[in-house]
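Presented below is the structure to which this report refers.
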Amino acid sequence: MSTTRKPVSPGSSTSGTDQVFRINGTRVEAFSGVAADLYALLAKGKVEEYRRRAYERRNDWPEPDAIDDRGASSIRPDGIALAIRVVPEQASPDDRFPG
């Protein structure tokens with residue numbers, strides 16, 4: 001598992017982790033994270049400010065189809081993102097979720 005920065009919408013990124021694993025022999029990649037600026041607030045212990053900013057942005061998160069057409073994705077109103085996809089058979093490290 002590694003810490004990564006992935007785009008959520010143009011001009012933004014997330015801080016989180018991604019992991020590649022197998023389900024019934026099929027390689028799958030999963031990513032979970034939170035908007036980088038919101039994560040920075042949590043890392044500093046500024047939970048109330050995180051909640052306020054996440055609430056202010058709850059309608060600004062992209063729709064799942066606007067994020068990545070290679071798998072399923074979701075962004076909760078609090079800014080938490082989750083994405084999962086089947087890894088192409090000839091995948092290289094550069095073929096992971098864009099970031």
Side-chain angles (χ1 to χ4, degrees):
M1 206 174 318
S2 62
T3 300
T4 59
R5 293 176 75 80
K6 308 285 186 184
V8 173
S9 60
S12 71
S13 65
T14 59
S15 292
T17 61
D18 61 346
Q19 184 172 1
V20 177
F21 52 94
R22 293 188 184 276
I23 297 178
N24 294 329
T26 302
R27 290 180 66 215
V28 176
E29 179 183 21
F31 171 79
S32 63
V34 65
D37 61 321
L38 296 178
Y39 174 78
L41 293 172
L42 290 174
K44 293 175 185 174
K46 298 181 177 184
V47 177
E48 288 305 316
E49 189 173 349
Y50 161 82
R51 288 181 179 153
R52 182 181 55 77
R53 287 195 189 175
Y55 180 80
E56 289 169 354
R57 293 165 55 184
R58 70 193 181 284
N59 295 320
D60 296 339
W61 305 122
E63 292 296 320
D65 293 342
I67 299 171
D68 189 337
D69 62 358
R70 299 180 298 167
S73 58
S74 173
I75 298 182
R76 295 175 38 93
D78 62 1
I80 302 295
L82 173 66
I84 190 166
R85 71 176 180 114
V86 173
V87 177
E89 288 188 32
Q90 298 296 324
S92 70
D94 295 331
D95 192 37
R96 298 180 100 177
F97 280 112

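Just so you know, these numbers use all the heavy atoms, side chains as well, and skip hydrogens, waters and symmetry mates. Keep in mind it's a predicted model, so treat the numbers as computed, not measured.
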Can you see which heavy atom on Phe21 is nearest to which on Ala30, and at what distance? CE2-CB, 3.8 Å
Shared ILVMFWY cluster between Tyr39 and Leu82, side chains joined below 4.5 angstrom? no
Has Tyr50 got a side-chain atom pairing as donor or acceptor with Asp78's backbone, closer than 3.5 angstrom? yes
Of all heavy-atom pairs linking Ala81 and Ile75, the shortest is CB-CG1, 4.0 Å
Looking at every non-hydrogen atom in both residues, tell me the closest pair between Ala35 and Arg57 and how far apart they are. CB-NH2, 3.8 Å
Taking the six-membered ring of Tyr55 as reference, does the cationic atom of Arg52 (NZ for Lys, CZ for Arg) lie under 6.0 Å from its centre and within 45° of its axis? no
Roughly how far, to the nearest 0.5 Å, is CD of Glu49 from CG of Leu42? 10.5 Å
In plain terms, say whether Arg53 and Glu56 are close enough for a salt bridge, that is, a side-chain N and a carboxylate O under 4.0 Å apart. no
